[in-house]
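Written out below as C-alpha cells is the structure these notes cover.
Quick note on labels: first sequence line is chain A, next is B, and so on, each numbered from 1.
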Amino acid sequence: MNGTEDTRFPRWRAASLLRNRAFLTVLIVALVWIVAAFAKPGFGSYGHLRYLLELAAVIGLVAIGQTYVVIAGGIDLSVGAIVTVSAVGVPLVALSGDSSGAFAVIAILAAATGIGLLNGLGVAYLRIHPMIMTLAMATFLQGVLILIAGGTAISAQNPLLAWLGNARIIGIPAGVILWTIVSAAALAVLHATPFGARLFALGANPLASALSGVNVQRTTMAVYAVSGLTAGLAGVLVLGMNGQGYVGIGDPYLLASIAAVVLGGTSILGGSGSYAGTIPGAILLVTITALITVVNASAGWRSILFGSLILLLLLLSGRESQRR
Amino acid sequence: SEADAAAKCIKGDRKAPYTLGWANIYSVPTWMKQTEGTIAAEVEELKKQGLVDKLVITDAQGDANVQIQQIQSMIDADVDAILLIAGSSTAPARVIADACAKGIAIINFDSLVDTDQVTAKINTDSNEWGDTAAKWLINELGGKGKILVLNGPAGISVSDDRRKGANAALAANPGIEILAETNTAYNVAPAQEAVTSLLFAHPEIDGILSLGGALSAGAILAMDKQGRPMVPITGENARQFLELWKDKSLKSWATMQPNWLGGFAAYTAVQALEGKDVPAFVKVPLPVIDNSNIDGYLARAKDFPADGYIFSPYDEKLFGELLAAK
Amino acid sequence: MSNLAPTHEDRLYWPVQRQRNRSLYGLFVVVAAFVALYAYLFPGLLSVAGISKFAQSWLPLALVSMAQAILMLTGGISLAIGATVSLGAVIAATTMMGPLGVPGGIAAVAFSGLGIGALCGVIAIRLRLPAIIVTLAASFIIAGLALLILPRPGGAIPGWFSDLLAGNTPAALILLILAALLWKLYLATPLGLSLYAAGENPVGAYRAGVPVDTARIAAYALSGLLSTLAGLFIAAQTGSGDPVIGNAFTLNSIAAAVLGGVGFLGGRGTMRGAIAGSLLLSVMINVMFFLGFPPVAQYVAQGLIIIGAVALPEITRRFRRAR
Amino acid sequence: MTLQPIIAARGVSRSFFGNPVLQDVSIALLPGRIHALLGENGAGKSTLINLLSGALAPDGGEIAIDGKVLRKLTPSEARRAGIAVVQQELSLTSELSIAENIGLGAFPRRFGLVDYATLARKARAVCALVGLDENLSTPVGDLPLGRRQMVEIAKALFREPRVLVLDEPTSSLSAHEADTLTKLLHRLRQAGTAILYISHRLNEVMRLCDYVTVLKDGKVTADRSLQGVDAAGLVRLMVGRDPGDLFPKWTPGKDCPTIVSVAGFSCGLLRDIDLDIRRGEILGIGGLVGQGQEDLLLGLYGALPASARQAAFNGTQSLPASVSKANALGLAYVPADRKREGLHLIHSIAWNMMLPHFGHASPLRLRDRAGERELARQLADRLSIKGDLTRQVQALSGGNQQKVALAKWMPSDPPILLLNDPTRGVDVETKREIYVLLRRFAAEGKAIVLSSSDTPELVHLCDRVAVMREGGIARMIEHRELSEEAIVAAAMGAEPARSAA
Ligand SMILES: Nc1ncnc2c1ncn2[C@@H]1O[C@H](COP(=O)(O)OP(=O)(O)OP(=O)(O)O)[C@@H](O)[C@H]1O
Ligand SMILES: Nc1ncnc2c1ncn2[C@@H]1O[C@H](COP(=O)(O)OP(=O)(O)OP(=O)(O)O)[C@@H](O)[C@H]1O
Ligand SMILES: [Mg+2]
Ligand SMILES: [Mg+2]
C-alpha cells in the first residue's frame, strides 16, 4: 500500500490555479487595467502603466516586510514611520567624502533594520503584542522626526538616489528593477528556505513551533528586522523618486502595505499566504487610486467609489478559507 | 482692573511675566516646526523684556479631540494665553469659550475656529488666496484654457475656503474649463501621483490651479518626469517649488502662509494681556512671490529646511503695524 | 465543601468576574498610578468639575475602545471606527437643529450606527471576507458619506443639549458607567456570552448550539452603534460636526483594546481591560502636559509608557523568576 | 426487542471533496443501550456522529428521530431532540468559566439574561456526576487536558440528553477517571439514555458496551450484539484479519547506562524530584490526570523554566535552557494536545513532518524539495498514514494526526524521546505499530519516557513506571512488580504496606 508519487503528492493541475489567490489577484489587475484603458483614454498607455508599476514598487517593497510579519502571525504598524525616517534621514547622514551616496544609503538601511530589530526585541522577549509594540515604535519615531525634521539637508540628491529615481534600464524604471530583484529574493527566502518555513510555522501555531525546536524569539527578531529593512529600502526609493523627502512621506504606506498583503490572499491571522499575492495586491491598490483620481466627482463620492471598488475586487479574488 | 482691558477675553487681572501655551495640532510637519521656531524666537524676545516667563507646547498629533483635551489642561493649569492652530474649524469652539470666560487670552492663527469667543484671530484670507490665484492663472491663460485644480485634503476648512475663493473668478470666465480636481494632503508625493495620472488622462492641459503647500512642486515633478511642457501654475512658498520654478523657468505666481504668524500670535497675546487693544481679526496681507522678487527669496533659501517654506522677513515693527491697521 | 449553605454555593457570577480581573491587575496598577499622579499634579481633578471635564475627554475614546474590543473578542477587527465616529458626529450636527429635533437626531445616529455596523458584519461574516480589509473599504465609503453630508466642518447642536452632555455636568461619567453596565447586562445574555465562544472556537461553539454568526453580526452592529454614539457625544461636546473628526480613533481604539489585554485572534480579553487601556491613553496626555514635556518628549514618553504598561507583567515575571 | 430507536441513520453517505468517507451507513441508537462504534483511524466515526448531531449534512440517506424522518437536521434541532455530543476534539472556550462552558448554547434564562444561580446549581450537579470538583468559576483555559475532557462530558450531561454520544471520551483520562465515567454511563443506561460510545480502548468497550457497529473505510462491516465476542474478535471485526498480540514481548534491557539524571528537579507543579533515565529502557510515567506528569516532560525538554540541584543530560552537566538546546542534546517531545501543541493544522502533512528539520537547519540554505518529499513518503509509509500528503493536517482523523505528530521526530533520530500520551486516540493497529516501534527504539539504546493515561500500556510496555502524585514521584515500580492494580493504588495514594522504598 505504498503511496506512489501521484497519490502522495498529486500532480499540479491547471484547475488549481483558479483557486490560487495570488493568481486571481493578477487576473483582477489585468481586468481592471483593460476596463480602465477602454473607459479612460490615456489610462492604459504604456507610460502610465509603467508609472503605476513604479508607484507599486514602493508599496511592494514595504509590503515585503509586512507580508513576512503577517505570515509570522504579527503586524507592523511602524513601517510608515520607518519609510519617513529613511527618506528624511539619508541627506542627514551624507558625508562629504561619500560622493556616490552609497554610504548614506547603507547607513540608513542599517538604521532601519535596527529599528525593526527593536520591534522584534519587544515582541519576542518582552512579549508585547505586535500591534502595541510597533504602534509605540511609530510614536517614538515621530519624536525622532521632530528632532531631524527641518535639519538642514546638505544635499538631498546624490547620484545613487538620482539613479534610483530616474534611471530606466531598457525602458524599465530602476525602482521597478530594484523591486523585481528584491521580490525574487523575498519569494525565494519565503518559499525555498528553512527560514521561510519557520515564518509559516510561527504564524500558524507558535506553541507547536517552539516545541518542535524552532527558535521563536530569534525568528521573530529576524522577521521584524526584515520589515524594517524593506521599509527603509522603500524610503530610499521614494526619496529618489520625489527628489526630496519630507516628514509624512511614509504615512500612506502603512495602510497600503497591509491592504496589499490582505488583498493578495495572505491571511491576516498568520500562517498562510505568499508574497506572490502581495505583488499584484500592491499594483491593484495603486491602480484603483489612479482610477479614482481621474474620475470627476466630489471628494465624498470618490471616497465611496474607492471603498466600493476594493470591496468588489475582494469579492472576486476570493474568500478567507475557514480556519480552526 | 476690568476697565483697562480692551481686548476680548481679557479681564486685566493677569500680570507679567506671563505663561504662554501653544496648542499645536501636530508638531511633526516641517511647516509646524518652522512656525514653532518663530514662536520660540519671539518668546525669547519677550522674555528679555520681562513679559513672558514660560512657553508650554502641546502636540495633539493631528487629533482635534486630543487638542480639546490639551486646551482643557491649559485652562486647568491656568496659562495666561493660548496660541492656537485649530485641528478643526468647529470642534474647539466650546473649550475656547471656557478659556475665554476664564480671562485667558486666545490668539487663534493659521487654522481658524468658527467662533468669536477669542481675543484675536490672525490669518491671511483663504478666500482671497483662491481668488487671487485663480485671477492670476486666468489672466495668464488669457481667459481661455483647460486646467487642473489641485486642492488640499477634503473636509478641511482651509482647503475648502481657498477653493471657494476661486469660484467667482472661474465662473466669470467660461472659457476656462476645469478638466479635473483632486484632493490630496498638502504634500509632494501624493500630488505627484495624482497629477501623473491626470496628465495621462488629459493630454491637453493649459494651466494648473494649485491651492497650496507642496502640491505645485508635486505637479511640476510629474510633468517633468513625463517630459511635458511646463504650463502656468500657481503655488506657495515651499522651498522645493521655488527652486523648481527658477530651475525650469516656470510661469508662476505664489503666495504664502507666513510662518511668522506664530511669532506674531505670541506678540499679540502679550500685547492683549498688557491691556492693549487688539483687533478681533488681524488680516495679514498675502505676500506675493512672482518673477520680480523670487530671486530675493531664493537668495535666503539656505536658511530654510529643504522641505520647508521660505517666508518673508518679519520683525516686531511689522507686528506693530499689523496690529495698528484697522 | 458541601456543608456550605446552598445560597452561598450558588454564587457564581462574582467569582467569575473576579477571575477575569486576574491578568489585568498589572494594568490596573499602572492606570491607577497614572490617575494618582494626575491628581497630584492637578489637584483640581478631585472636584466635580475636574472629574466632569476629564470624563468628557475620555468618554469618546472609551466608547470606541469598547466598540473595537467587542469585535476583537469575536475574532474580528474594524478599521472603520474612525470614519463611523465622524459619520455619527456629522449626522448629529445636521439633524438635531432640524425638524427631527434632539430625540430624532439621537435615533438617526443610533440607527445609522447599528445599520452600518450590521452591514459590515454581514459582508464580512456571511461572505467570509477578511474583516480587516472589508472594514478598510467600509472606512472609505463611510468617510465619503460623511463628506457628502457635510463637506466641511459645520452644522450645529442645540446649546442646551451640549451643555447637558458636555457642560459642567458629570454626564460623561454617568454615560460611561451606563455603557459599562449595559455591556455587563449584554454579557449576561446568552448572545453576549456567545461572543467569547464564537471568537475562540467557532466550530465547537456552533456544534454546541451557539448562534455563532448571529453573535458576530450583533457584535458588529453594537460596535457601529458605540462608534456613532461616540460621534454624537463629540458633536455635543464641540457643538458642531466635522467630517474628519474621528480619524484618529481607528488606531487609538485598537491600541486601547490591545493595551487592555484584548487578543487579536478572538475570545481573549475583557471589556474592563479595554476601558482601562483607554483610560491610560487618555490620562497619559494630561499627565505629560502637567509634567511640562515638550513635544519630542511627549512622543518618546508615550511610546515608552505604552510599551512599559504591556511589558511590565513580563518583566516582573522574569525578575521574580530570576530571584 | 420492539423498542423504537431514538435516533437512527439509514443508508447515509458523505464525502469530502469527492472522497467518500461514509457509504450507505445505517445505525440505530436504542434507549438504555450502550452502543459501541468502532473502526480504525479515519474510518468515519467522527463524521458519522457529526451527521447524527446535525453538525454536518449527509449527501444521501436519511436521519430519523423517534421514527420521524427529518429533512434537515441542524445542531439546535438535534439538541432540542435531546442529542448531546462529547466531541473528540474539545470545543470549549478557555476564557469562560467551567460553569459558563457547561451552559454554553443552553443557558438557563431569567428575564432574557443568563440565570447564574440556576446555572451554578445545575452545573454543580453535573460536575458532581463526572467527579469534577474544581471551582466552577475557574476559566477552562486553566485546566489540564483531562479535566477539560470532564468539562466536555459535563457539558453534554447538562442538556439532560436522551441520546449521549461520546467520541473517545477516555482518550486523555486515567484509569480512575475512566472508572467514574463507566459508573456514570451505567447509571444513564439504567435511566434509559441511549449511548453511543467511541473508543480505541477495546477492554473498555468490552466492559461497558452492549452492542457494536464497526466501520471500515466508511462502510459498516458489523452491526451486532457484543454478547459472545471477545477482544480478539472485536479486532478481527475491525481490521478484518486475525490480530496478533497488542503488546510486543518484553525483554529486559541489557546493561542500561544512565543518559539523563536529575536530582532536586523542580518545575511547575513538581517539587524536588530525583530521576534517572536509562538508555535502552522505556520509563513510564503514570498517575491521575494532572499530577505534574506534563511539567516533568516539559521541564526536561527545556520548554518550562526548571531548576535542579544536579543534572546530567547526555554528557552535559546542566538542564537544557531552551527547546533548541534540548533538541541539540538529543531530546524530542511529542505533546498530548496535538491540536494546540503538536501540529500546524493549516499546513500540509508533509510540511508538518519536516518542521523539526526547518527548526535546526541553517536558515538560508535552499530547501531540498525532492529530499523532503522522499522523506515524507517514507515516514508516511512507516506509520501507515494513507493518501495525499499535501492535505492540511486538520483534514486528518484524530488518530492520524497523532501519527504525524510522532512522525516528525523520526528523521532526526533522537536518543531521548519524551512522549506525552502518544497513543491518545490511536486505533489498535496503529497502537501496535507504535508499541513495536517504541520497543525497537529501546532495543537500539534510546531512552524513552512515556507518560500515559492508558494503564495497560504502562504495565505491558514499560521497564519501570514512575507514578506521580501531587508534584512528586509517589512510587517507582520496577517491571516485575508492575500491574494495573499497583499503578492505580500508587496513584490514589494507597501505598501498599510493603512499600518498595
Ligand atoms: N456596577 C458598576 N458600577 C460602576 N462601574 C462599573 C460597574 N461594573 C463595572 N464597572 C466598570 O465598568 C468597566 C467595565 O466593566 P467590567 O470590568 O465588569 O467589564 P466586563 O464587560 O465585565 O468585562 P468582561 O468582558 O470580562 O465581562 C470597568 O472599568 C468597571 O470598573
Ligand atoms: N472536514 C474534512 N475535510 C476533509 N476530509 C475530512 C474532513 N473531516 C474528515 N475528513 C476525512 O474523513 C475521514 C474520516 O474521518 P473521521 O474523523 O470521521 O475518522 P474517525 O473514524 O473519527 O477516526 P479517528 O479514530 O482517528 O478519530 C478521514 O479520512 C478524514 O481525513
Ligand atoms: Mg474521530
Ligand atoms: Mg481518534
Item checked: Shortest non-hydrogen contact from Ser240(C) toward Ala91(B) -> OG-N, 4.1 Å
Check: OH/Tyr38(C) to OG/Ser73(B) distance, rounded to the nearest 0.5 angstrom?
Finding: 5.0 Å
Next item on the list: Would you name the heavy atoms of Ile245(C) and Asn65(B) that are closest together and state the gap between them?
Entry: O-ND2, 3.2 Å
Notebook entry, point to check: Any idea which heavy atoms bring Leu147(C) and Ala154(B) closest together, and the distance?
Noted result: CD1-CB, 3.7 Å
Check: Does Lys47(B) NZ have over 12 foreign heavy atoms under 6.0 Å away?
Finding: yes
Check: Looking at Pro294(C), Gly50(C), Ser282(C), which has the largest count of heavy-atom pairs under 4.5 Å with chain B?
Finding: Ser282(C)
Check: Where on Asn24(B) is there a heavy atom nearer than 4.5 Å to chain C: the side chain, the backbone, both, or neither?
Finding: neither
Notebook entry, point to check: Which region of Ala236(C), side chain (C-beta onward) or backbone (N, CA, C, O), has a non-hydrogen atom less than 4.5 Å from a non-hydrogen atom of chain B, or is it both or neither?
Noted result: backbone
Next item on the list: Mind checking the CD1-CD spacing from Ile285(C) to Gln67(B)? Nearest 0.5 Å is all I need.
Entry: 12.0 Å
Next item on the list: Name the region of Gln302(C), side chain, backbone, both or neither, that has any atom closer than 4.5 Å to a heavy atom of chain B.
Entry: side chain
Checklist line | Phe281(B) CZ: over 12 foreign heavy atoms closer than 6.0 Å | finding: yes
Next item on the list: Drop me the distance from Gln298(C)'s CD to Gln70(B)'s CD, to the nearest 0.5 angstrom.
Entry: 6.0 Å
Margin query: Under a 4.5 Å cutoff for heavy-atom pairs, which residue among Asn252(C), Asp242(C), Leu150(C) has the most contacts with chain B?
Written below: Asp242(C)
Checklist line | Distance-minimising heavy-atom pair for Phe289(C) and Ala77(B) | finding: CE2-CB, 3.6 Å
Next item on the list: Give the member of Ser162(C), Gly154(C), Gly44(C) that has the highest number of heavy-atom pairs under 4.5 Å with chain B.
Entry: Ser162(C)
Check: Taking every heavy-atom pair that is under 4.5 Å apart, which of Ser89(B), Ser159(B), Pro153(B), Pro92(B) has the most such pairs with chain C?
Finding: Ser89(B)
Next item on the list: Output the option from Thr58(B), Ile68(B), Asp114(B), Val95(B) having the highest count of non-hydrogen pairs under 4.5 Å with chain C.
Entry: Thr58(B)
Notebook entry, point to check: Under a 4.5 Å heavy-atom cutoff, which of Leu45(C), Val296(C), Asp163(C), Asn247(C) has the most pairs with chain B?
Noted result: Asp163(C)
Notebook entry, point to check: What closest approach, in Å, do Asp63(B) and Ala248(C) show between heavy atoms, and which atom pair accounts for it?
Noted result: OD2-CB, 3.2 Å
Notebook entry, point to check: Given a strict heavy-atom distance threshold of 4.5 Å, which part of Ala166(C) is in contact with chain B: side chain, backbone, both, or neither?
Noted result: both
Notebook entry, point to check: Of the backbone (N, CA, C, O) and the side chain (C-beta and beyond), which part of Phe54(C) lies under 4.5 Å from a heavy atom of chain B, both, or neither?
Noted result: side chain
Notebook entry, point to check: Taking atom CG of Leu251(C) and atom CD of Gln61(B), what is their separation to the nearest 0.5 Å?
Noted result: 11.5 Å
Notebook entry, point to check: Is a salt bridge present between Arg152(C) and Asp161(B), judged by a nitrogen-to-oxygen distance below 4.0 Å?
Noted result: yes
Note to self: Given 3.5 Å as the limit, does a donor-acceptor pair link the side chain of Arg94(B) with the main chain of Thr238(C), or not?
What the structure shows: no
Check: Which answer fits Ile57(B), side chain, backbone, both or neither, if we ask what part of it has an atom under 4.5 Å from a heavy atom of chain C?
Finding: both
Notebook entry, point to check: When heavy-atom pairs shorter than 4.5 Å are enumerated against chain C, which of Asp160(B), Val56(B), Asp76(B) gives the highest number?
Noted result: Asp76(B)
Item checked: Interface moiety of Pro243(C) toward chain B, non-hydrogen atoms closer than 4.5 Å -> side chain
